[in-house]
Amino acid sequence: MPIASDSDTDSVPEYAAWRKGVAGVLAKARKVDVSELPDEPEKLLAVKTYDGLTVNPLYTRRDELPEQPLPGAFPFVRGGDATRDVHRGWFVSQKFGGPEAAEVNQNILFALENGVSALWLAVGERGVPVAQIPAALAGLLFDLAPLTIEAGKDANEAAAQVFSVLDGYAAANRKDIRVQLGATPLTSLFAGSDSVDLDSAIALAQQAVARPETVRAIVVCGVAFHSHGASDAQELGAAVAAGLEYLRALTDAGADIADALGQLEFRLAATDDQFATIAKFRAARRLWARVAQVCGAPAFGNAPQLAVTSPAMMTQRDPWVNMLRTTLAAFGAGVGGADTVTVLPFDNALPAGELDVSKAFSERMARNTQLLLLEESHLGFVQDPGAGSWYVESLTDELAAKAWEFMQEIEKAGGYLAALQSGLLAERIGETKTTRDSDVAHRKLAVTGVNEFPNLGEKPLSEQARARSSANAYGAAFEALRNRSDAYLAANDARPKALLVPLGPVAEHNVRVTFTANLLNSGGIETVNPGAVDLAGIGAAATESGVALAVLCGSDARYGAEAGAATEALRAAGVTTVLLAGPEKAVADLTGAQRPDGFVTARMDAVAALSGLLEKLGAPA
């Protein structure tokens, strides 16, 4: 979206004054004159998303877009249900599973009594044995709580069991019974997970159409793309392309377009970027409504949305922060208009019992996250509360356009299956993942508790937990470094250590001491800080700490006077690697034993640097 020029700020008279204020702040921060800034200094504050969209620092009336139709009306941007119960809001979903059907049934009934309003049941190898589905579902009121089945390759057998249960269930209006059979053949091909094949899913859909209940057979799982690194537009574009592939298969098998559209639901990831999540769910509805319109059935373009808090954003380290992440994600999904929201437990990335908390506690926290948003913040009382927000509307519009563009790229490659087989889909998503991984490695993208503000005092992970680490998690590279530190701790009863050497008074060294400690801790390297030391005390501090790695921390001016002598003193005390927190140019004139071995800066590839330091300290990969 272009930034307004001076000529079009007349519509927002205050904009010119705001721009002048921005220029003054930027000039002061950059230590330049205002005249040296560009004519539109606010552009310096704009940020780019992984889709290449520009997020401006301020949105005003000049960004206003035409008002969208009310909820329940095409293109469903504002929601698919015009008469949603404001006292219920979205459906609060929880995932259940386990080998013992009776225990699962007890857990389900308990959750329903405590706020859950939708069920997600793992079946077969993923949970309840197929033959025990009736026992797991005993006592449920199916016309009150929608049911989603996740059965992988056992979907057809699971569906038969569910249908047998429904046949024995009495309901005044059988259309009020909503069941999702959870077949995911196309997205499972991308994710490498098990599922029935496409022909079996089509046969399942044909059975679903013939049922008197509201049964949908297929889930278009955008989370599969998200979890492998896709951007928001890529997740939406790939999901729409997969949805088109399903529509073609269904209509080729004889289904009319309305029935075909009625067999699909979309499962999308909700992240802790709340505004991006709000826009994603709104844009997703617009995209699918457009598909239905092109197919000649615009009234059937409102596919239900199942939101799941992002598995990729969940961390193993400092996992309590995950509660904050999932709260933001649930907020974004709910405000964005998702029909059903599932919040993953905060310890989802860890084996059961790793944190010495019960599964019941984790599930209760996940459940109550949504209940607080609904019953105390009353988020369900208003449909599409983001409507009219210049930022939300603009982001929705731009994200939808970008996602449509990605879908068209897939279609030009021959459609979803062709793009999958050619590697195009994996290549495009892989490019985004590589960019994001680089941002995390350079700490441009913060993962709290992992590459920023790590807590080395937390309990080390077990070998089982370390083995479970996901390569697709945002903080995976740093968590791998922490795993090496934990292994070193188990073998040596101490972590790898580094000595911080503060030079000069606190005002000079504090910023770089804090930065360096944070950086080293993120790689599992414990820091020893003796406080400000003069040149005479440096050797003694190094000897007392017994470390092989030290980092000089001070101002550039202080480095010019003391860095060379300090480096020599550290080497004389047995320190084998001396680093300097700051730019190389600060000590450009130093040579030989006075020159540090490396430099710690904000722009460095922290993962690569920390990996090398761990290797030197005896914690190999």
Side-chain angles (χ1 to χ4, degrees), residues 43-57 222-223 225-238 269-277 279-280 309-318 321-322 324-326 328-329 332 349 395 398-399 402-403 406 426-454 469-483 514-516 518-525 581 583 599-614:
K43 282 188 174 181
L44 299 174
L45 298 176
V47 297
K48 291 280 188 181
T49 71
Y50 288 108
D51 290 309
L53 306 180
T54 299
V55 176
N56 297 321
V223 181
F225 310 115
H226 168 84
S227 294
H228 282 73
S231 66
D232 290 335
Q234 287 174 336
E235 179 185 353
L236 296 183
T271 72
D272 54 357
D273 187 337
Q274 61 186 24
F275 285 108
T277 297
K280 179 197 288 188
T309 54
S310 165
M313 74 178 180
M314 304 293 272
T315 65
Q316 290 189 319
R317 306 292 171 165
D318 210 353
V321 179
N322 290 330
L324 303 178
R325 297 185 177 102
T326 55
L328 288 168
L395 189 57
E398 293 173 9
L399 182 58
K402 197 69 176 180
F406 186 59
E427 179 184 348
R428 292 290 183 269
I429 291 174
E431 290 169 355
T432 301
K433 183 179 186 301
T434 297
T435 301
R436 184 187 289 108
D437 287 347
S438 176
D439 286 348
V440 173
H442 289 81
R443 300 167 83 213
K444 291 169 62 178
L445 178 62
V447 183
T448 303
V450 179
N451 69 349
E452 288 286 2
F453 312 112
S469 298
S470 170
N472 291 322
Y474 293 161
F478 281 91
E479 293 194 324
L481 297 176
R482 294 282 294 276
N483 289 345
T514 302
F515 169 81
T516 303
N518 195 30
L519 172 68
L520 294 176
N521 289 173
S522 70
I525 300 174
F599 302 88
V600 177
T601 66
R603 297 182 180 181
M604 67 190 295
D605 183 333
V607 170
L610 290 167
S611 181
L613 292 177
L614 285 171

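Side-chain atoms are counted along with the backbone in the values below, which use heavy atoms only and exclude waters and symmetry mates.
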Could you work out, with side-chain hydrogen bond (donor to acceptor under 3.5 Å, both in side chains) as the rule, every residue matching [X], not counting sequence neighbours?
X      : value
Ser611 : Arg484
Glu479 : none
Thr326 : none

From [X] atom [atom1] to [Y] atom [atom2], the distance as rounded to the nearest 0.5 Å:
X      : Y      : atom1 : atom2 : answer
Asn322 : Met314 : CG    : CE    : 4.0 Å
Thr309 : Leu328 : OG1   : CG    : 11.5 Å
Tyr474 : Asp437 : OH    : CG    : 10.0 Å
Thr54  : Lys43  : OG1   : NZ    : 9.0 Å
Asp605 : Ser438 : CG    : OG    : 6.5 Å
Ile525 : Arg482 : CD1   : CZ    : 11.5 Å

Using a 4.5 Å cut-off on heavy atoms from C-beta on, say whether the side chain of [Y] contacts that of [X].
X      : Y      : result
Asp51  : Leu399 : yes
Asn518 : Pro454 : yes
Val447 : Met313 : no
Asp439 : Thr435 : yes
Val600 : Phe515 : yes
Leu520 : Leu613 : yes
Pro311 : Val223 : yes
Asn472 : Lys433 : yes

- Query: Could you give all pairs that pass the salt bridge (charged side-chain N to carboxylate O under 4.0 Å, His left out) test and reach residues 228-237, with sequence neighbours left out?
  - Reply: Asp232-Lys280, Glu235-Lys280
- Determine whether more than 12 heavy atoms belonging to other residues, nucleotides or ligands lie under 6.0 Å from atom CZ of Phe275. no
Compare every heavy atom of [Y] with every heavy atom of [X], then report the nearest pair and how far apart it is.
X      : Y      : answer
Thr277 : Gly332 : CG2-C, 3.5 Å
Ala476 : Ser470 : CB-O, 3.2 Å
His226 : Ser310 : NE2-OG, 2.6 Å

- Message: Holding to side-chain contact (heavy atoms from CB on, under 4.5 Å), I want the full list of residues that pass it with Val55, two or more places apart in sequence or in another chain.
- Response: Val47, Thr49, Tyr59, Tyr391
- Item | Residues forming a side-chain contact (heavy atoms from CB on, under 4.5 Å) with Ala609, sequence neighbours excluded | Met604
- Task: Verify the distance criterion only: is there a donor paired with an acceptor across the side chains of Asn483 and Ser469 at less than 3.5 Å?
- Result: yes
- Determine, stepwise, if the pair Thr315 / Arg325 fulfils side-chain contact (heavy atoms from CB on, under 4.5 Å). CA-CA 10 Å; Thr315 65; Arg325 297 185 177 102; 3.3 Å; yes
- Please confirm whether Arg317 makes a cation-pi placement over Phe478, using NZ or CZ under 6.0 Å from the six-membered ring centre and within 45° of the ring normal. no
Please check: side-chain N/O of [X] versus main-chain N/O of [Y], any donor-acceptor pairing under 3.5 Å?
X      : Y      : result
Asn451 : Leu445 : yes
Ser522 : Glu452 : no
Arg443 : Ala602 : no

- Query: side-chain contact (heavy atoms from CB on, under 4.5 Å) between Gln234 and Thr432: does it pass, once the steps are laid out?
  - Reply: CA-CA 9 Å; Gln234 287 174 336; Thr432 301; 2.9 Å; yes
